[in-house]
Amino acid sequence: MFVINCPYCGQREQSEFKAGGEAHIVRPKQPTELSDDQWAEYLFMRKNIKGIQFERWVHSHGCRKWFNMVRDTSNDEIKAIYKMGEKPPVK
Amino acid sequence: MTNNLRVKSSKFIDETYKISFKFNNKNYYGYKGDTLASALLANGIHLIGRSFKYHRPRGIMTAGSEEPNAIVQIHKNTSRTEPNVRATEIEIYEGLEASSQNCWPSVNFDIGGINNFLSPVLPAGFYYKTFMWPASFWKKYEYFIRKSAGLGKSPTEPDPDIYEHKYIHCDVLIIGAGISGIIAAKTSAKNGFKTLLLDEKPYLGGSTIYQNSEHFKINNQISSSWIEKEINEIKKIDNLEIKTRTSVAAFHSYNFLLARENLTDHLPLHQRDGKVRHRLLKIRAKKVISATGSLERPLVFDNNDRPGILLSSAIEKYSNLFGVACGQKNVLFTNNDSAYETAISLFQKGINIEAIIDNRENVDSKLVKEIEKNNIKIYKGYTVVNTFGYKRINKISIMQLSKDGQKVVGSKISIDCDCLGMSGGWTPAVHLFTQSGGKLKFRDDDQVFIPDTYPSDQISIGSCNGEFTLDEILSSISKKLKDFLNIKKTEYENLEILSHFNKTKRNIWLLPSDKIIGKTKPFVDYQNDATAKDIKLALREGFRSIEHVKRYTTTGMGTDQGKLGNMHALGIISETAGSKMGELGTTTFRPPYTPLTFGTIVGRNVGEYFDVSRKTPIHDWHVENKAKFENVGQWKRAWFYPKENEGMHEAVQRESKAARDSAGILDASTLGKIDIQGTDASEFLNRVYTNAWSKLAIGKCRYGLMLNEDGMVYDDGVTTRLDENHYIMTTTTGGAATVLSKLEDYLQTEWPELDVYLTSVTDHYATISVCGPNSKKIISKVIPNLDLSDEKFPHMSFKNTKIDKVKCRVMRISFTGEQSYEINVQANYGKSVWDKCMQAGKEFNITPYGTETMHLLRAEKGFIIVGQDTDATMTPIDLQMDWIVSKKKYDFIGKRSLYRSDTIRDDRKQLIGLVTENPKEVLEEGAQIVLDANKSPVEMLGHVTSSYYSPNLEKSIALGVVKGGKNMMGQKLIIPMENKQINVTVTDPVFLDKENKRLNA
Ligand SMILES: [Zn+2]
């Protein structure tokens, strides 16, 4: 169980949050222009990395705000947390 | 033999306080301070139970939580019964009743013991190999296996005890109150850290507290006296909390730990009522110090499992702490100096030692010399090759080890004994450390795994870190604590330490025998009856990974998780396969460290507190009117209202008929309600629903279907435009929370530029739906000022109005196909408005109906229920709801997916209506639908999703999904049931009032 530093509320228990999958996948602006393959790429394809992963999280039992997290999936170390729309602070 | 095995009194045992208890229905006495194990040993009892597979007699092996054999059932056939209780941990109390497990009919005569003689046919993987084929035979085998195997019986009555959970936050948590833990706790607390010290035992001080030897001194005091003073001091420190009888079960990442505090298990039953039995502590610590100690290793040789064979350190503990001699003719068998510590303690207490068998050839430490001085025979360079005695050891035979330790040489010597203590060195208790994600390294010198890298702010100190001697521990502990706690000095910098322990050890994982291995039983895992032979067999059959060998041989898979034997299993694998121990790794240690009861895990969440339940403001009325309830998510919804002698079917038929003939009333308060405001609210709805919203006039309502991005139907409901930039959306009862979070997700992450605010108002409003041909008359009585004419208040529109002085919103919308009005009023007024409607409707026989009738009525109209007629694989097109999918809108969630190659297939499952050939026959929901039941294999075309007997149509109706169903109108299909086939015909899903005449009737 991690302790997550919500950018709006501060340090809280992981049980207050929900994970929302890979971050920085932008919904296509013009889905109708896409081929089946291109749409499927957006719809289904997700990374599942052992190591540094960029993820979306939401403080579902708190401020209900979404934010991004950089997490090392091999040891659950949280490398960075930043708000939606902000650039990732680490590569 | 009664109580003649008590030796010189121990200060930990109160001999003035006699306690009687029962073991296998016989009465015994012990004293306050005894465990069940020490009390039984004092009564001369070693035989506790039978082993799992071979039903071999087994006795007490240890004096702690690592015990594999001495597990008992307590308070059999009562509500407080508990299986697999370790006799070595349970403290005796007046009235304790314990009995042997895994034996039938009795521990002294056990039919399963025949397995022991059958053992050549019961090797590793036997169960997998034999009972899995042919599959149909499993049922027969299972009956016998279940009867003769298994560990204890689970209770069948409700647990009378209370359990609770507690959160604790601390600066420093110390696990284990042995010498290292005590020093760490005092140092931490004295430096101002909020400190918590936990130990699984009822006393503090670990094994040092009963260390009375002149060979181990601190500042010139015997170590037990020194630590006793330290303990007295720490008890006075304010910011140090000490919990005994508290075992840490799990060590998770980010220093989150679970511990079980045992509060009443040591009390007589009559003193437990009303008290909390176990408390599950959920601990978040800034820093963790593991001082969990180490476990003595057994030695692996032929027949090393007989009652009377114990760990050498356990024999020492029984004598020093409990004042009990485990035997009168004791032999110790060792590969290191530890057994000599035991020997010296026994000797001090006047307990007879016959001999010491030492694997080592050249040993001359101070401890060894003292034993020699006392004329106790030491066989140096020898090993035990066999043991004798069925229910209690009575003899061993020993032989000399070859130089390389691979063989035995010379002739056999027999030694009579009634107790054999073994010491194979020590294994650091790193279980919790590895649970936390810590990585181990292997130390070749003494063949132990010790902590290497720490994943969080924690350290391991003392013997769990591989520091086994007093001088090793005390010479390094001060610097470690200073570095870890970031403090300048400790009071333990210049201790004067005397320690005569010599660290030489001769490690042989599987001791050689004069017999071939196939003829021996050297046990590695006692609880699961896995032998070295089984491990070798697994390797011969090609298993290499330690995790695979573990599962194939079941080594380490008992309730003790192989705390004693896992290292030997690794050692034997490494030697046999020629791989290095360090590279082989260990198996994964999983929580809990020792088993937890279900009660502890569940805590207070039992009975009505098992889950949160949500009740509508009108709930009490439903209860008073004898409603039956159903759970919808966490909501308690009125299901139907049976009158005298009515079953569910009769009640639902009556309610359904009344709603169409005159008037029905439904509590719809559970529907999800989301208040949507902002200048982009209309645009937002355009993007999340499949139909168009921009042109919806203020005061109008519209039904909407929401998809996932994959095009599948996700939720539905009616949304009303209250004002230019203000909507109220309704969702399904079960979908309210997920819809809100999905909408928030899109707003915050995809469309942050939209000016839209979402607020859940589900609980703020009570919703009362009145439907039926007389609904208009009833509403006009409740709200006389409201113009209900079809011109002023048409279907799919809404009015702000008042009932007396109470503001309310009335929507004219319908889920039944009848003319109907939905009154939304602030929740507090829900009950009074409901009463008003009932009063006004009395002359029209207004009939309250529940969810079951609601489902029936909507099925007559062919309206879907998301989650019943859909299952996340249905598009709106599959549901024959093409009309609701806007062709004009450029985009909405899920639009692009509606013309993927998969979603445009003609043969997808599509929603259809079904009528049975026999109108009285009602289909089973979930039943399969086929075209030809005689063609093999039978092709499943789909299944029935909703099915009812319609009292209004006087026939059975059903909805279902069928491959290519859209183009099958009029097609005859078959529903094959267990002993009949039902003929059905595919129809339009709308069964009643296709023209929607009733909405305005
Ligand atoms: Zn927050």
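Excluded from the calculations below are hydrogen atoms, water molecules and symmetry mates; all remaining heavy atoms, backbone and side chain alike, are included. Numbered from 1 within each chain, the chains take letters A, B, ... in sequence-line order.
Between E22(A) and K47(A), at least one side-chain N (NZ, or NE/NH1/NH2) sits under 4.0 Å from a carboxylate O, which counts as a salt bridge.
Paired with Y714(B) under the rule side chain to side chain contact (heavy atoms under 4.5 Å, CB included), one option of V688(B), L705(B), T738(B) passes, and it is T738(B). Looking at V288(B), L258(B), I283(B), L432(B) one by one, the single match for side chain to side chain contact (heavy atoms under 4.5 Å, CB included) with V248(B) turns out to be L432(B).
Taking G437(B), S897(B), S741(B) one by one and counting their heavy-atom pairs under 4.5 Å with chain A, the maximum is reached by S897(B). Heavy-atom pairs under 4.5 Å with chain B peak, among E77(A), E13(A), Q14(A), K18(A), at E13(A).
Annotation for G20(A) and W66(A): closest pair CA-CZ3, 3.8 Å, computed over non-hydrogen atoms. Heavy-atom minimum distance, A736(B) versus T731(B): CA-OG1, 3.2 Å. In terms of heavy atoms, I728(B) sits closest to V761(B) at CD1-CG2, 3.7 Å. In this structure, F17(A) and S60(A) approach most closely via the heavy-atom pair C-OG, 3.8 Å.
Proximity to chain A (any heavy atom under 4.5 Å) is shown, for D710(B), by both the backbone and the side chain. If you measure heavy-atom distances from M84(A) to chain B, the contacts under 4.5 Å come from the side chain alone. For F892(B), the part sitting under 4.5 Å from any heavy atom of chain A is the backbone (N, CA, C, O) and nothing else. Only the backbone of I25(A) comes within less than 4.5 Å of a heavy atom of chain B; no side-chain atom from C-beta onward does. For V58(A), no part sits under 4.5 Å from any heavy atom of chain B, backbone or side chain. W39(A) touches chain B through its side chain: at least one heavy atom from C-beta onward sits under 4.5 Å away, while N, CA, C and O do not.
In this structure, NZ on K895(B) lies 13.5 Å from CD1 on I893(B), to the nearest 0.5 angstrom.
For residues 27-36 of chain A, the interface with chain B (any heavy-atom pair closer than 4.5 Å) comprises R27(A), K29(A), Q30(A), P31(A), T32(A), E33(A), L34(A), S35(A), D36(A), sorted by residue number. Proximity to chain A at a heavy-atom threshold of 4.5 Å picks out E744(B), D745(B), Y746(B), Q748(B), T749(B), E750(B), W751(B) from residues 744-754 of chain B, in numerical order.
Proximity of a side-chain donor or acceptor of R284(B) to a complementary backbone N or O of Y254(B) within less than 3.5 Å is detected.
Aromatic ring orientation, F589(B) versus H431(B): tilted (interplanar angle from 30° to 60°).
Sorted by first and then second residue, the salt bridge (charged side-chain N to carboxylate O under 4.0 Å, His left out) pairs with a member in residues 67-76 of chain A read E55(A)-R71(A), R71(A)-D76(A); sequence neighbours excluded. The side chain to side chain donor-acceptor pair (under 3.5 Å) contacts involving residues 450-460 of chain B comprise N255(B)-S456(B), K287(B)-D457(B), S436(B)-Q458(B), S456(B)-Q458(B), where partners must be two or more places apart or lie in separate chains.
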Kindly determine whether D891(B) and R896(B) satisfy salt bridge (charged side-chain N to carboxylate O under 4.0 Å, His left out), including the steps that lead there. CA-CA 8 Å; D891(B) 191 15; R896(B) 175 61 185 84; over 6 Å; no

